[in-house]
Enquirer: 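Shown below is the structure under consideration.
Hydrogens, waters and symmetry mates are skipped; everything else that's a heavy atom, side chains included, is used. Residue numbers run from 1 in the order of the sequence given. Keep in mind that this is a model prediction, so the values were computed, not measured.
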Amino acid sequence: MGVAPGAAVHEVARVRSAGRSPVALERSYFPSLPGLLDEDLTGSLYALLATRYDLEPRTATEHLDPVIAQPAEAAELGIEPGTPLMLIERTAYAAGGTPVEYARDLFRPDRVRITVRSGVTAPEGS
């Protein structure tokens, strides 16, 4: 994430639910931002980064990998250990390329559908 080894970072872990059933386990890491952990972290973290810290995430690199639920993750998601999950590993960047988040999100594929949308900008003069 562009921080020095051993530098302080904030970890925010959240379980996302739909219909009172867990569907995702999100673990995000942010640079050590003053007062971040005192904020309401139940809403959009990207909106918080933009409004409070002027670090609006503009781009991200994401990797999707199938994984198997480990016991602690399974307990948080209400599933059996060994259940297939989809891991999305993401680094998000603010304007200018400053990394503002590293995340490892685990999704239950039996409860969510993941859609990826890519955009291609036409070359100038086209």
Side-chain angles (χ1 to χ4, degrees):
M1 193 171 63
V3 297
V9 296
H10 294 305
E11 177 185 9
V12 177
R14 307 189 296 180
V15 175
R16 296 298 198 170
S17 299
R20 297 189 178 149
S21 177
V23 297
L25 174 59
E26 301 175 341
R27 290 196 186 284
S28 295
Y29 300 87
F30 301 95
S32 184
L33 300 169
L36 177 68
L37 299 181
D38 296 324
E39 297 288 336
D40 177 7
L41 302 177
T42 60
S44 169
L45 297 177
Y46 282 11
L48 177 62
L49 288 174
T51 58
R52 172 92 157 77
Y53 301 98
D54 196 27
L55 291 173
E56 178 183 15
R58 304 293 294 267
T59 62
T61 301
E62 297 183 292
H63 302 279
L64 284 72
D65 292 297
V67 297
I68 300 299
Q70 299 303 307
E73 300 160 348
E76 292 195 67
L77 290 171
I79 57 176
E80 293 295 320
T83 299
L85 297 171
M86 180 57 71
L87 166 66
I88 298 181
E89 188 174 20
R90 172 182 58 259
T91 303
Y93 302 89
T98 302
V100 295
E101 177 201 33
Y102 170 75
R104 290 181 52 87
D105 301 337
L106 293 169
F107 293 89
R108 290 181 50 179
D110 64 325
R111 295 290 321 271
V112 297
R113 179 179 180 192
I114 298 171
T115 302
V116 178
R117 180 177 162 195
S118 298
V120 178
T121 305
E124 290 187 36
S126 298

Enquirer: Are Leu36 and Tyr53 side-chain neighbours, meaning at least one heavy-atom pair lies under 4.5 Å?
Expert: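 Touching, per the 4.5 Å side-chain cut-off.
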Enquirer: Might you point out which heavy atoms bring Pro81 and Pro71 nearest each other, and give the distance in Å?
Expert: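 In this case the closest contact between Pro81 and Pro71 is CG-CA, 4.0 Å.
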Enquirer: Go through the steps for Leu64 and Met86 under the test side-chain contact (heavy atoms from CB on, under 4.5 Å), then give the verdict.
Expert: CA-CA 7 Å; Leu64 284 72; Met86 180 57 71; 4.0 Å; yes
Enquirer: Looking at side-chain heavy atoms only, is the closest gap between Leu85 and Leu77 below 4.5 Å?
Expert: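 They are in contact (side-chain heavy atoms under 4.5 Å apart), so the answer is yes.
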Enquirer: Quickly, which of Thr91, Leu49, Thr98 forms a side-chain contact (heavy atoms from CB on, under 4.5 Å) with Pro57? Name it, please.
Expert: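 Output: one option passes, namely Leu49.
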Enquirer: Determine the minimum heavy-atom distance between Pro34 and Arg52, stating which atoms define it.
Expert: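 Where Pro34 meets Arg52 most closely, the heavy atoms are O-NH2, 3.5 Å.
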Enquirer: For the pair Tyr102 and Glu89, evaluate side chain to side chain donor-acceptor pair (under 3.5 Å) and give the outcome as yes or no after the intermediate values.
Expert: CA-CA 8 Å; Tyr102 170 75; Glu89 188 174 20; 2.2 Å; yes
Enquirer: Hey, any chance Leu37 and Leu55 share a hydrophobic cluster, counting ILVMFWY side chains that come within less than 4.5 Å of each other, even indirectly?
Expert: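 Looking at the clustering, Leu55 is in the same group as Leu37.
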Enquirer: Nearest 0.5 Å please: distance from the CD1 atom of Ile79 over to the CD atom of Glu76.
Expert: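 Nearest 0.5 Å value for the CD1-CD distance: 10.5 Å.
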Enquirer: Looking only at heavy atoms, which two atoms of Tyr93 and Ala60 are closest? And how far apart?
Expert: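 Distance-wise, the nearest heavy atoms are CD1-CA, 4.4 Å.
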Enquirer: I'd like to know whether Phe107 forms a side-chain contact (heavy atoms from CB on, under 4.5 Å) with Ile114, so could you lay out the CA-CA distance, the side-chain angles of the two residues, the decisive distance to 0.1 Å, and finally the verdict.
Expert: CA-CA 9 Å; Phe107 293 89; Ile114 298 171; 4.3 Å; yes
Enquirer: Over all heavy atoms of both residues, which pair between Ser32 and Ala8 is shortest? Give the atoms and the distance, please.
Expert: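 Of all heavy-atom pairs spanning Ser32 and Ala8, the closest is CB-O, 3.5 Å.
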Enquirer: For the pair Glu73 (side chain) and Gln70 (backbone), establish whether a donor and an acceptor sit closer than 3.5 Å, ignoring hydrogens and angles.
Expert: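 Yes, because the side chain of Glu73 sits within donor-acceptor range (under 3.5 Å) of the backbone of Gln70.
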Enquirer: Kindly indicate whether the side chain of Phe30, heavy atoms from C-beta on, has any atom under 4.5 Å from the side chain of Val9.
Expert: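 Not touching, per the 4.5 Å side-chain cut-off.
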Enquirer: Please report the shortest heavy-atom distance between Ala47 and Ser44, naming the atom on each side.
Expert: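 Of all heavy-atom pairs spanning Ala47 and Ser44, the closest is N-OG, 3.0 Å.
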Enquirer: Should Arg108 and Ser21 be marked as a side-chain contact (heavy atoms from CB on, under 4.5 Å) after you check the CA-CA gap, both sets of side-chain angles, and the distance that decides it?
Expert: CA-CA 11 Å; Arg108 290 181 50 179; Ser21 177; 3.8 Å; yes
Enquirer: Going by the side-chain hydrogen bond (donor to acceptor under 3.5 Å, both in side chains) test, which pairs reach into residues 54-66, not counting sequence neighbours?
Expert: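 Listed by first then second residue: Glu62-Arg90.
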Enquirer: Which heavy atom in Pro109 sits nearest to a heavy atom in Pro84, and how many Å separate them?
Expert: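 Pro109 and Pro84 have their closest heavy atoms at CD-O, 3.4 Å.
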Enquirer: Who passes side chain to side chain contact (heavy atoms under 4.5 Å, CB included) against Arg14, sequence neighbours left out?
Expert: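 Listed in chain order: Val12, Arg16, Glu26, Leu45.
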Enquirer: List for me each residue that meets side-chain hydrogen bond (donor to acceptor under 3.5 Å, both in side chains) alongside Glu11, sequence neighbours excluded, and say none if there are none.
Expert: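 Partners of Glu11 by the side-chain hydrogen bond (donor to acceptor under 3.5 Å, both in side chains) criterion, ordered by chain and then number, come out as Arg27, Tyr29.
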Enquirer: Is it possible for you to say whether Val67 and Leu25 belong to one hydrophobic cluster, with membership spreading through side-chain heavy-atom contacts below 4.5 Å?
Expert: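 Yes.
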Enquirer: Using side-chain contact (heavy atoms from CB on, under 4.5 Å), reason through Leu48 and Leu41 one step at a time and then give a plain yes or no.
Expert: CA-CA 8 Å; Leu48 177 62; Leu41 302 177; 3.8 Å; yes
